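So the structure is just underneath, and the comments pick up after that.
Counting convention: from 1, in listed order, for ligands and their atoms alike. Keep in mind that this is a model prediction, so the values were computed, not measured. Reckoned from all heavy atoms, side chains included, excluding hydrogens, waters and symmetry mates.
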Amino acid sequence: MSRLAPEVLSRYEPVIGLEVHVQLATLTKAFCGCSTKFGSAPNSNTCPVCLGLPGALPVLNKKALDLAMRASMALQCQIQERSRFARKNYFYPDLPKGYQISMYELPLAIHGCVEIELEGRKKRIGVTRLHMEDDAGKSLHEGFAESGRWSYIDFNRCGTPLAEIVSEPDLRTPAEAYAYLNTLKQILEYTEVSDCNMEEGSLRCDANVSVRLRGAPQFGTKAEVKNLNSFRYLSHALEYEIERQIELLESGGTVVQETRLWNVAAGRTEPMRSKEFAHDYRYFPDPDLLPVSISPARIEEVRRSMPELPDAKVARFLRDYGLTPYDAGVLTATRSLADYFEAAVRAGAPAKAAANWIAVELLRRLNDAGKGIAECPVEPAALAELLAKVEKGEITAASGKKVFATMFDTGKRAAEIVAAEGLAQISDTGAIEKIAREVVAKSPDNVAKYRSGNEGVFKFFVGQVMRETRGQANPQVVNEILKRVLAE
Ligand code: ADP
Ligand code: ZN
Ligand code: MG
């Protein structure tokens with residue numbers, strides 16, 4: 001619920017820039033050989049390097065660099081010939097080295113963009129930079145108040161490779177920020193840069209927010225809201241923070257530059273610390289690591305490894321399969337769904353029918369079952385077989401849906417289910433005519449209505465015949481026969 005009148009809100013324009021941290025999908029850490037496996041026993045994936053023991057030497061993980069380069073390319077960034085890791089010094093119990101290794105003045109890539117689409121309108125959002133860094137560990141707190149207070153530290157996360165992607169302050173509404181994060185996530189999943197699992201912390205988002213009077217030449221002072229680790233939190237925190245700043249300005253106050261946290265339980269942002277500045281961190285080039293130099297040949301190699309990106313896939317689906325933009329959008333939401341669709345088409349399913357069945361029936365059932373397309377019990381070829389039966393008129397579309405439900409629940413093929421349940425379409429005109437005559441005989445009132453020009457009741461008769469045949473009558477035959485019988 002908004003605390004401010006709409007006419008007050010509408011006088012201001014929000015300005016938003018996102019900083020997104022994404023875990024690079026490597027098996028081992030950024031600078032040592034420890035596993036990055038999620039959920040391992042606490043502190044089991046550690047070594048002198050990621051624990052920051054004196055004398056241990058880090059070595060950059062090539063796969064991590066390749067993934068960061070792939071992300072840079074997918075975000076249309078310029079990959080720099082030379083980049084460099086720095087030490088960002090700060091104290092925190094879950095940071096045993098006493099510094100984070102992060103690219104600072106020479107990031108891996110700059111000047112990219114992400115194209116978002118909102119209500120059919122496209123907008124380009126600038127990507128300022130993409131740089132690599134390592135992650136800190138995790139602190140767990142337990143037993144507040146009477147029972148005393150305990151803190152545990154798990155260093156398993158320490159040294160996990162991350163890419164930080166910083167956007168330009170080009171976003172103007174929470175909805176745009178949402179669309180940006182969604183598109184970014186989709187691109188990172190397509191390129192297999194990251195699994196983007198938000199529950200496991202593979203994708204994390206900080207939002208920088210300011211407001212200004214519409215038409216004002218300069219941006220207002222921003223606050224940074226940390227740790228928005230779900231789409232819902234991002235939307236809610238932005239809505240809240242925008243109103244908080246407007247309210248403050250309206251009451252004659254000023255926004256202070258600070259770092260805030262989204263308090264999920266209270267539904268508000270709260271101050272966490274005053275804004276730190278770069279000089280607070282005493283950045284300096286990490287003397288243990290070589291500068292990163294990337295040859296044009298290496299860039300070319302990564303370019304060749306790039307998969308088709310979402311936009312290109314949408315364009316191809318529109319062109320090659322004649323899908324609607326809506327269906328193309330739904331089917332390309334993930335690479336695996338798009339692959340499923342194309343596998344069904346390759347197995348002989350007509351593209352438009354396959355698109356429709358997948359977008360409606362299949363996704364609904366997957367959603368209800370809480371499953372992803374990877375766990376879909378119906379193989380693409382099995383869906384193609386079912387669609388062929390509907391297409392050829394062996395079963396009606398209504399029966400097709402029933403068969404599909406059984407396929408989904410049991411993993412059986414369409415032919416077996418149709419035979420076992422006697423669902424083969426009734427095209428036998430004699431049988432249908434008999435039923436049609438019975439239906440007509442039972443409803444003299446409706447027959448009278450129909451004959452006096454009320455075409456609407458025709459649907460009633462069709463419905464009755466379909467009911468009597470358990471949805472198995474060929475609808476075209478039913479129509480023809482009913483027209484004839486009613487005209488007698
Ligand atoms: P800082 O020096 O505080 O780290 P940066 O200029 O590096 O600030 O920007 C960090 C993030 O904040 C970027 O995503 C950027 O787009 C965003 N940002 C910068 N200025 C503003 C502003 N006035 N309002 C909202 N976001 C901003
Ligand atoms: Zn290690
Ligand atoms: Mg900055």
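- The pair Arg304-Glu301 does not count as a salt bridge, with every side-chain nitrogen at least 4.0 angstrom from each carboxylate oxygen.
- Under 4.0 angstrom from ligand 1, there are no non-hydrogen atoms of Asp170.
- Shown in contact with Phe219 at under 4.0 Å from a heavy atom are these atoms of ligand 1, numbered in order with element: 23 (N).
- Relative orientation of the Tyr283 and Tyr104 rings is parallel, given thresholds of 30° and 60° on the angle between their planes.
- Using a 4.5 Å heavy-atom cutoff, the side chains of Glu115 and Gln76 are not in contact.
- For ligand 1, none of its N or O atoms has an N or O atom of Glu19 under 3.5 Å away.
- Relative to the six-membered ring of Phe404, Lys401 misses at least one condition, a distance below 6.0 Å or an angle of at most 45° to the axis.
- When all heavy atoms of His131 and Pro107 are compared, the closest pair comes out as CB-CB, 3.9 Å.
- Residue Leu18 has at least one heavy-atom neighbour below 4.0 Å for each of these atoms of ligand 1: 14 (O).
- Each of the following atoms of ligand 1 lies closer than 4.0 Å to a heavy atom of Val15: 24 (N), 25 (C).
- A salt bridge links Arg84 to Glu105: at least one charged side-chain nitrogen sits closer than 4.0 Å to a carboxylate oxygen.
- Atoms SG of Cys47 and SG of Cys32, as seen from the Zn ion (ligand 2), are separated by an angle of 110°, to the nearest 10°.
- Relative to atom 15 (C) of ligand 1, the option among Gly126, Ser167, Pro14 with the closest non-hydrogen atom is Ser167.
- Where the criterion is an N or O separation shorter than 3.5 Å, residue side chain and backbone included, Ile16 fails it with respect to ligand 1.
- At least one N/O/S atom of Cys50, whether from backbone or side chain, sits less than 2.8 Å from the Zn ion (ligand 2).
- Each of the atoms 16 (O) of ligand 1 lies under 4.0 Å from some heavy atom of Glu168.
- Short contacts between ligand 1 and Gly220, defined as distances under 4.0 Å to a heavy atom of the residue, involve ligand atoms 23 (N).
- One side chain, Gln23 or Arg157, offers a donor N or O that lies under 3.5 Å from an acceptor on the other.
- Interface atoms of ligand 1 facing Val166, defined by a heavy-atom separation under 4.0 Å, are 13 (C), 14 (O).
- Between Lys97 and Asp288, none of the side-chain N atoms (NZ, or NE/NH1/NH2) sits under 4.0 Å from a carboxylate O, so this pair counts as no salt bridge.
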